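Below: one structure, written as structure tokens.
Order of the sequence lines fixes the chain letters, A, B, ..., with proteins taken first and strands second; residue numbering starts at 1 for each chain. Bear in mind the structure is a predicted one, so any value in this text is a computation, not a measurement.
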Amino acid sequence: MPVELIVFILLALTAIGTALGMLVSRHAVYAALFLVLNFATVAIMYLLLDAPFVALSQVTVYAGAIMVLFLFVIMLLGAEQLPDEFKWRDLLPAIVLGLLLFAESVYLLFQKITLNTGLSSAAGEALTDPTLMAAKLFSDYLLPFEVTSILLLVAMVGAIVLTKQEKKA
Amino acid sequence: MIPVNYYIILSAVLFIMGMLGVLIRRNLLIVFMSIELMLNAANLAFVAFSRMYLNLNGQIFVFFIMTVAAAEVAVGLALIVAIFRSKQSIDVDQMNNLKG
């Protein structure tokens, strides 16, 4: 068995395990930490897929910024746990529907895509070079790039407006 | 090399787990984390296809998704804080009236 496949299987098991841990942990802080580990695992997978720049922005943006924001809000609210979070009787339809969707999507994936070919080993510079990505981002994707700046501005203003305490007159 | 199918299946599994999280959890914060998990699963599929077709467009889309996720988290967490202020709870089952 090639080394790369072993690495992939270990990473996949870690990703699924941490996702499951997030799903079942009662305490929101533990869930957030499981999710950080999940994002880190997926980042390593991006490295396996010859996308180093995406991998590092995954670590900084997701595992860094977004999850820190999450942890900050969890600790600010002080509402980490809910009493009787899991009521199994109510959960049954959700679990059945989820498994149904899973079976359906896996079936469709195997039905529709016949991509059993391995990824070609010659990726070369075409994917890993950040300058090529930057050139594409600032030529073909210039308009979406500028639109995201407006999106971020709107999100920032929105977050401030939503959390602002109104003065009681 | 690893077949691209494996990545797509893993992405589907992670997506379904995120969806299960949205369906079964009552803690609003964890519901929100599950949405992040789903976005991440979509990103994994994008990067896998980008690798398969040796094309950078997929990776650039991942950047845009990350930006949208960051904006979504900022606004969503602000909403959660506002909801907690008015209801003293982040239980999704208790959010059943329109008037605040």
Side-chain angles (χ1 to χ4, degrees), chain A residues 4-5 8 12 15-16 19-20 22-23 28 31-32 35 38-39 42 45-46 49-51 54 57 61-62 65-66 69-70 73-74 77 79 82 85 91 94-95 97-98 101-102 105-106 109 115-119 121 123 126-127 132-133 136-137 141 144 148 151-152 155-156 158-159 162-163, chain B residues 1-10 12-21 23-27 29-30 32-34 36-37 40 43-44 47-48 50-52 54-57 59-60 62-64 66-75 77-82 84-85 89-91:
Chain A
E4 208 168 4
L5 193 60
F8 174 81
I16 293 172
L20 208 61
M22 188 209 75
L23 212 60
L35 199 56
N38 188 301
F39 287 160
V42 175
M45 242 168 226
Y46 291 161
L49 284 167
D50 289 323
V54 176
S57 37
V61 174
Y62 264 116
I66 290 181
L69 206 58
F70 259 108
V73 169
I74 291 169
L77 295 184
L82 291 178
E85 162 96 58
L91 292 188
I95 291 172
L97 283 176
L101 181 66
F102 176 65
S105 54
V106 167
L109 282 170
L115 309 169
N116 283 314
T117 50
L119 299 168
S121 52
L127 287 179
L132 289 176
M133 182 182 283
K136 202 159 187 128
L137 194 60
Y141 289 92
T148 46
L151 175 73
L152 287 175
M156 190 173 75
L162 281 171
T163 51
Chain B
M1 287 293 286
I2 309 160
V4 75
N5 271 9
Y6 292 9
Y7 287 102
I8 304 303
I9 300 290
L10 177 65
V13 170
L14 289 178
F15 190 90
I16 301 297
M17 285 176 128
M19 206 203 64
L20 272 177
L23 286 176
I24 69 178
R25 295 305 297 253
R26 288 164 59 227
N27 190 333
L29 283 162
I30 294 179
F32 213 58
M33 285 181 212
S34 305
E36 294 302 312
L37 189 64
N40 214 41
N43 281 353
L44 184 63
V47 176
S50 152
R51 177 67 182 75
M52 189 183 110
L54 295 178
N55 191 332
L56 272 176
N57 289 335
Q59 295 191 19
I60 288 172
V62 170
F63 277 113
F64 290 132
M66 277 184 191
T67 331
V68 171
E72 178 227 333
V73 164
V75 175
L77 286 177
L79 278 173
I80 290 178
V81 171
F84 187 75
R85 278 211 192 114
S89 164
I90 49 168
D91 189 341

Minimum side-chain heavy-atom gap A:Val42-B:Asn43 below 4.5 Å: no
Listed partners of B:Phe32 passing ring pair (Phe, Tyr, Trp, His ring centres under 6.0 Å), at least two apart: A:Phe70
Under 3.5 Å: donor-acceptor pair, side chain of A:Asn38, backbone of A:Ala15: yes
Chain B contact via A:Val73 - side chain, backbone, both or neither, heavy atoms under 4.5 Å: side chain
A:Leu35 versus chain B, the contacting section by heavy-atom distance below 4.5 Å: side chain
B:Arg85 side chain to A:Thr163 backbone, donor-acceptor under 3.5 Å: yes
For B:Ala70, all residues meeting side chain to side chain contact (heavy atoms under 4.5 Å, CB included), sequence neighbours excluded: A:Ile66
Proximal component of B:Leu44, with respect to chain A [non-hydrogen, under 4.5 Å]: both
Side chain, backbone, both or neither of A:Phe39 within contact of chain B (heavy atoms, under 4.5 Å): both
Heavy-atom contact with chain B under 4.5 Å, split by part of A:Ser105: side chain
Interchain contact, A:Ala65 with chain B, by part (heavy-atom threshold 4.5 Å): neither
Side-chain heavy-atom pair A:Tyr141, B:Phe64 within 4.5 angstrom cut-off: yes
Heavy-atom side-chain contact between B:Val13 and B:Met17 under 4.5 Å: yes
Segment of B:Val62 engaging chain A (4.5 angstrom heavy-atom cut-off): side chain
Which portion of B:Met19 sits near chain A, non-hydrogen atoms under 4.5 angstrom: side chain
Contact class of B:Leu20 relative to chain A, heavy atoms under 4.5 angstrom: both
